Amino acid sequence: AQSVTQLDSQVPVFEEAPVELRCNYSSSVSVYLFWYVQYPNQGLQLLLKYLSGSTLVKGINGFEAEFNKSQTSFHLRKPSVHISDTAEYFCAVSENTGGFKTIFGAGTRLFVKA
Amino acid sequence: DTGVSQDPRHKITKRGQNVTFRCDPISEHNRLYWYRQTLGQGPEFLTYFQNEAQLEKSRLLSDRFSAERPKGSFSTLEIQRTEQGDSAMYLCASSSTWSGSRNEQFFGPGTRLTVL
């Protein structure tokens with residue numbers, strides 16, 4: 001069975017500082033990995049995804065994530081955050097064996113301070 | 001707008017009443033998912049359809065919950081005899097079976113249910 005652990009429930013950071021949101025997963029098969037963002041009172045929006053190939057993936061709004069198979073991690077990073085990045089971020093994993101189920105982490109609340 | 005839509009956006013009901021939510025997926029998507037999200041948690045899988053077939057239902061889902069997708073397009077989620085513990089955001093998502101999509105799901109805005 002798959003599982004996802006987001007290691008920080010809240011991350012406060014000052015504007016223009018770098019940020020890393022941590023995500024670890026477990027699975028007995030190969031996986032696809034996703035980061036979604038949820039702004040207040042809005043639906044989930046895909047930030048980026050790892051399917052195969054390069055382990056460094058770039059997404060929208062200047063975010064990127066690195067897939068580390070040996071550490072079963074998929075940490076999300078941004079070199080300089082903006083106030084508008086304040087939101088809830090969810091890491092998710094889906095088996096790439098043709099399965100459909102996607103498991104989400106509990107989320108990390110990013111709070112960007114001026 | 002051709003995204004996933006959900007109706008209603010908010011529902012307040014009294015304990016014991018039945019409620020029904022609707023989801024309209026992206027038109028060319030044949031996979032449809034229902035999730036439940038409570039405060040401070042990520043979306044929790046409830047059930048999944050491929051076309052009109054309901055292929056899996058979470059073991060966490062009680063018999064009071066039922067979902068349908070009669071013509072492989074829109075879907076409804078019904079909760080019978082609602083309980084206060086059913087209060088949550090109910091999310092719908094859709095995806096394509098096209099190999100390039102890799103199960104990327106597109107989410108609707110959700111229906112927030114409050115059971116008094």
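Letters A, B, ... are given to chains in the order of the sequence lines, protein chains preceding strands, and every chain is numbered from 1. Computed from a predicted model, the values in this text were never measured in an experiment.
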Take atom NZ in B:K57; do more than 12 heavy atoms of anything else shown fall under 6.0 Å from it?
yes

With a 4.5 angstrom heavy-atom cut-off, which part of A:L46 approaches chain B: side chain, backbone, both or neither?
side chain

Using a 4.5 angstrom heavy-atom cutoff, name the option from B:E44, B:R9, B:Q37, B:R112 with the most pairs to chain A.
B:Q37

Answer key: most heavy-atom pairs under 4.5 Å with chain A among B:G40, B:P43, B:A93, B:G108 is B:P43

Check whether any side-chain heavy atom of A:T102 lies under 4.5 Å from a side-chain heavy atom of B:Y35, and answer yes or no.
yes

Does the side chain of A:F90 come within less than 4.5 Å of B:Q41's, by heavy atoms?
no

ILVMFWY cluster, A:Y32 and B:Y48 together (side-chain gap under 4.5 Å)
yes

Less than 4.5 Å to any heavy atom of chain B: does that hold for the side chain of A:Q6, its backbone, both, or neither?
neither

Residue pairs passing the disulfide (SG to SG under 2.5 Å) test where at least one lies in residues 21-92 of chain A, sequence neighbours excluded
A:C23-A:C91

Are there over 12 heavy-atom neighbours, none belonging to B:L39, within less than 6.0 Å of that residue's CG?
no

When rounded to the nearest 0.5 angstrom, what is the spacing between CD in B:E104 and OG in A:S94?
11.0 Å

Of all residues at least two apart in sequence or in a different chain, which pass the side chain to side chain donor-acceptor pair (under 3.5 Å) check with A:D85?
A:K78

Flag yes if more than 12 heavy atoms outside B:R15 fall under 6.0 Å of its CZ atom; otherwise flag no.
no

Do B:F106 and B:F21 land in one hydrophobic cluster if side-chain heavy atoms of ILVMFWY residues count as linked below 4.5 Å?
no

Is the distance between the ring centroids of A:F104 and B:F45 under 6.0 Å?
no

Best-contacting candidate, A:R109, A:Q38, A:E88, A:Q42, against chain B by heavy atom pairs under 4.5 angstrom:
A:Q38

Please check this pair: side chain of A:Y36 against backbone of B:F107, looking for a donor-acceptor N/O pair closer than 3.5 Å.
no

